[in-house]
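Structure first, then comments.
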Amino acid sequence: MNKIQGFYNIESNGKEYLCKLRGLLKRSDKRENCTVGDYVIFDEDGFITEVKTRKNLLRRPMVANLDFGVIQFSAKDPIIDYEKINILVLNSLYNQIKPVLIVNKVDLLDKIEFNEIKRKLLYLDKIDIPVFYISTFDNTGIPELTEFLKDRVTAFGGPSGVGKSSILNLLQDSRELKTGETSKRLRAGKHTTRDSRLLTLPTGGFVIDTPGFSSVDLPPTESPQELIDLFHEFHLAKGCKFNDCVHINEPQCGVKEAVEDGIIPRERYDFFKRCYEKSKNEIWNKYK
Ligand code: GDP
Ligand code: ZN
């Protein structure tokens with residue numbers, strides 16, 4: 001990040017300003033005070049006087065106000081992991097980052113296998129999560145993805161080996177954003193960066209390379225209701241008999257009825273039950 005000796009790069013109306021944080025903002029001296037992607041107010045003396053409320057914050061690398069978080073897997077080699085996709089979607093929603101799914105390496109699939117994957121991911125439609133089927137080998141889906149990412153700030157994450165570098169290479173013009181370079185996207189009082197993990201897109205916008213991972217935990221919700229709120233498709237259900245229904249053992253539960261009627265996919269409901277049990281045993285206990 002381009003906080004050079006306490007200075008921040010701010011872009012406003014196409015011009016760049018080097019600013020410092022006003023003492024009041026600096027006092028707690030945390031890196032989180034002002035970071036890449038923040039919208040700020042600054043005065044004539046070059047002091048940042050206010051950091052606007054963020055819609056979200058990515059921590060590694062630290063970037064504020066993402067438009068999307070891409071969850072990337074490959075169809076095969078390594079094989080797609082539906083449980084992990086589900087958990088990552090929950091984490092993304094928990095962090096107020098809009099999720100998008102990429103399934104790469106579709107060139108390795110025959111028609112039957114491809115249809116099976118599409119069928120299993122159909123539920124993402126119901127919760128407005130876009131899915132891109134990609135092959136970096138034959139360019140499948142790349143034009144659509146390029147169009148989607150245009151002028152946006154998007155973080156890419158996923159396990160290693162799924163072809164993240166291959167996609168990021170295809171998407172960007174292989175230039176890293178250098179100090180002083182401007183982008184159409186970063187305007188009007190926005191803190192910019194020369195972090196090498198932020199890659200400019202030729203169409204405008206940025207993609208952010210986040211570190212790969214092998215395991216991932218459930219989001220640290222504090223109550224059943226907080227978990228339930230992350231399952232947006234439960235809104236498709238009619239009400240439940242009990243106001244505080246957690247959709248597990250209660251009679252006349254609208255969610256369970258919607259599962260019976262095929263409105264909510266059974267696989268999703270089963271996933272919810274696993275999350276419920278695990279959160280109850282490992283997380284919510286702490287809050288009692
Ligand atoms: P990363 O670890 O996620 O950054 O993955 P890489 O981009 O390094 O790719 C991992 C491996 O997958 C390499 O051997 C790539 O050649 C291969 N790969 C990447 N994209 C595709 C694809 O669309 N189809 C196939 N079959 N292999 C791919
Ligand atoms: Zn219920």
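Every number for a ligand or one of its atoms is a count from 1 in the order of the listing. Computed from a predicted model, the values in this text were never measured in an experiment.
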Distance, nearest 0.5 Å, that separates OG of Ser223 from CD1 of Ile228: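 Between atom OG of Ser223 and atom CD1 of Ile228 there are 8.0 Å.
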Within less than 2.8 Å of the Zn ion (ligand 2): protein N, O or S atom count: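 If we list every protein N, O or S atom nearer than 2.8 Å to the Zn ion (ligand 2), we get 4.
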Summary of salt bridge (Lys or Arg N to Asp or Glu O under 4.0 Å) pairs that have at least one residue in residues 98-110, sequence neighbours excluded: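 Counting only pairs at least two positions apart or across chains, no salt bridge (Lys or Arg N to Asp or Glu O under 4.0 Å) contact touches residues 98-110.
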Any pair counted as salt bridge (Lys or Arg N to Asp or Glu O under 4.0 Å), so long as it reaches residues 226-243, sequence neighbours left out: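 Only Glu233-Arg268 qualify under salt bridge (Lys or Arg N to Asp or Glu O under 4.0 Å).
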[X] vs [Y] aromatic rings, parallel, tilted or perpendicular, using cut-offs 30° and 60°?
X      : Y      : result
Trp284 : Tyr276 : perpendicular
Phe42  : Tyr17  : tilted
Phe272 : Phe234 : perpendicular

Geometric cation-pi criterion Lys118 and Phe114, 6.0 Å radius, 45° cone: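 Yes, Lys118 sits over the ring of Phe114.
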More than 12 heavy atoms of other groups within 6.0 Å of Arg60 CZ: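 Result for CZ/Arg60: open.
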Proximal protein residues to ligand 1, non-hydrogen atoms under 4.0 angstrom: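 The answer is Asn104, Lys105, Asp107, Leu108, Ser135, Thr136, Phe137, Ser160, Gly161, Val162, Gly163, Lys164, Ser165, Ser166, counting any residue whose heavy atom sits under 4.0 Å from ligand 1.
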Asn169 vs Ser166, side chain to side chain donor-acceptor pair (under 3.5 Å): CA-CA, chis, key distance, verdict: CA-CA 5 Å; Asn169 281 339; Ser166 307; over 6 Å; no
